[in-house]
Protein chains: 2
Amino acid sequence: MQEAQARTPAGRRIVAAAEELFYSRGITAVGVDLIAERSGTTKRTLYNQFGSKDQLVAAYLAERDQRWRSLVRSTVETRDDPVEAVTAPFVALRDWSEANTRGCAFINALAELPDPSHPAHRIAADEKLWLLNLFTELATAAGCSGPAALATQLLVLHEGALATQPLALGTLAESTGLARALVRAAVPSR
Amino acid sequence: MQEAQARTPAGRRIVAAAEELFYSRGITAVGVDLIAERSGTTKRTLYNQFGSKDQLVAAYLAERDQRWRSLVRSTVETRDDPVEAVTAPFVALRDWSEANTRGCAFINALAELPDPSHPAHRIAADEKLWLLNLFTELATAAGCSGPAALATQLLVLHEGALATQPLALGTLAESTGLARALVRAAVPSR
DNA sequence: GTCAAGGTTCACAGATCAGTATACCTATGA
DNA sequence: TCATAGGTATACTGATCTGTGAACCTTGAC
């Protein structure tokens with residue numbers, strides 16, 4: 001996978017256009033011609049930079065993954081209380097959701113790309129594993145009992161809020177509250 | 001929407017083939033030619049019966065919705081304890097998941113069909129609202145305190161387990177356990 | 001015996017799909 | 001001065017997409 005920093009100006013515009021179109025309309029429904037047009041480049045440049053549509057899809061998810069992880073990390077770091085840090089991804093999700101109302105791009109991508117050998121498949125799956133591991137680490141650092149089970153519960157709450165987000169049922173607030181309660185209950189002395 | 005009972009034999013075979021293909025490969029990625037071939041019919045028959053691919057997609061989701069609701073209802077009815085009945089959809093999901101390992105067909109459909117005016121859009125959204133209302137009714141019947149908030153939490157847990165199902169992380173067992181604990185905690189005297 | 005409904009066969013239209021070929025332009029740096 | 005890299009412009013291939021037209025077959029009901 002090509003690094004984002006190594007990309008040419010046209011390459012960056014292509015990924016940006018792909019991100020907006022793929023996320024809002026779906027991957028299969030968006031053709032490379034449209035992406036080239038929206039990015040102000042040509043299909044030739046797109047193929048020179050990325051080789052295939054599949055690789056561009058992978059680049060789209062990798063870019064998005066990078067941005068999401070960096071938001072989560074900075075949100076975690078700005079909590080000084082380690083107990084509050086455990087639920088920081090829920091706070092990050094609230095900010096993230098303001099500009100992303102079509103659910104989880106990785107889950108959506110997995111829905112469209114069932115083939116495990118697709119270059120984008122592993123990126124989407126890894127994002128969830130990363131979050132699960134992060135929850136485990138944060139719960140352990142906060143001294144929570146049963147950090148593995150707690151992390152799985154937090155992941156489910158997080159993904160459930162994200163999956164139901166397009167339905168606008170206010171699930172994020174409810175799941176954030178429950179997540180906080182679970183963490184507090186798992187911390188021995190408080 | 002045409003009733004399933006009113007469908008001709010060829011129509012039923014077409015919906016069955018569409019269900020398998022749409023769920024396993026994605027909606028946009030599957031063409032009507034393939035569906036006609038797999039169902040042992042012709043494209044002409046498909047269009048005579050359903051009018052358009054979009055309508056067939058709606059029929060696919062409606063059929064699936066009907067089957068899922070009937071499984072949930074029968075699972076609810078076989079619990080004699082009203083407290084156990086509240087988490088019956090989680091039990092139904094365990095059975096359902098044995099043959100459906102590609103996540104939630106409705107969430108996946110929403111990922112591919114962002115247009116709210118698409119005939120399938122409302123069907124997918126309604127399925128989630130139905131489940132939320134069912135949780136509310138069951139929680140109320142079981143005498144739970146704060147049934148609305150509890151129902152939202154249960155929905156999030158349910159959808160979270162479903163969304164992370166393709167990742168095979170064992171989230172269903174964990175979320176079922178948490179759901180049971182939440183219901184028990186909301187029942188006054190037990 | 002006739003008529004209609006369900007279904008098949010097959011050809012076709014028009015659009016769009018991913019991906020390639022070829023030629024050209026322009027700036028940078030050795 | 002000249003090569004190279006990044007990019008543009010444009011036409012093209014072959015496949016696939018949704019959807020239609022028209023003729024024909026079969027079966028059951030009246």
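Just so it is clear: chains get the letters A, B, ... in the order the sequence lines come, proteins before strands, and each one is counted from 1.
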Practice task
Under 4.0 Å between any heavy atoms, over every strand shown, what does N48(A) touch: base, sugar-phosphate, or nothing? Just pick one.
Solution key: nothing
Problem - Rounded distance (nearest 0.5 Å) linking atom CD of E159(A) with atom CG of L157(B) - result: 12.5 Å
Exercise for the section: Verify whether one side chain among H121(A) and D115(A) offers a donor that lies under 3.5 Å from an acceptor in the other. Expected result: no
Exercise for the section: Taking the side chain as every heavy atom from C-beta outward, state whether F135(B) and W130(B) have any atom pair closer than 4.5 Å. Expected result: no
Fill in the blank from the handout: Side-chain atoms of A10(A) come closest, of dG7(D), dT20(D), dA18(C), to dG7(D)
Practice task
Using distance alone, with no hydrogens and no angle criterion, decide if T28(A) and E112(A) have a side-chain donor and acceptor under 3.5 Å apart.
Solution key: yes
Problem - Aromatic ring pairing W96(B)/W68(B), orientation class (parallel under 30°, perpendicular over 60°, tilted between) - result: perpendicular
Practice task
Quick one, give me the B/S/- string for nucleotides 21-30 of chain D, reading 5' to 3', where B means a protein heavy atom under 4.0 Å from the base and S means that only happens at the primed atoms, P, OP1 or OP2.
Solution key: BB--------
Handout entry: Selected nucleotide, minimal atom distance to S52(A) side chain, candidates dT8(C), dG7(D), dG19(C)
Key = dG19(C)
Handout entry: Between T171(A) and T152(B): side-chain donor-acceptor atoms closer than 3.5 Å
Key = no
Problem - Nearest-neighbour nucleotide for the P9(A) side chain, dT8(C), dG19(C), dG7(D) considered - result: dG7(D)
Handout entry: K53(A), nearest nucleotide to its side chain (from dG19(C), dG19(D), dT8(C))
Key = dG19(C)
Fill in the blank from the handout: Among the nucleotides dT20(D), dG6(C), dG7(D), whichever has the atom closest to the side chain of Q49(A) is dG7(D)
Problem - Nearest to side-chain heavy atoms of T41(A), which nucleotide of dT8(D), dT20(C), dG6(D) - result: dT8(D)
Exercise for the section: Please determine, for the side chain of T8(A), which listed nucleotide (dT18(D), dG6(D), dG7(C)) has the closest atom? Expected result: dG6(D)
Exercise for the section: Please determine if a side-chain N or O atom of T45(A) lies less than 4.0 Å away from the OP1 or OP2 oxygen of dT8(D). Expected result: yes
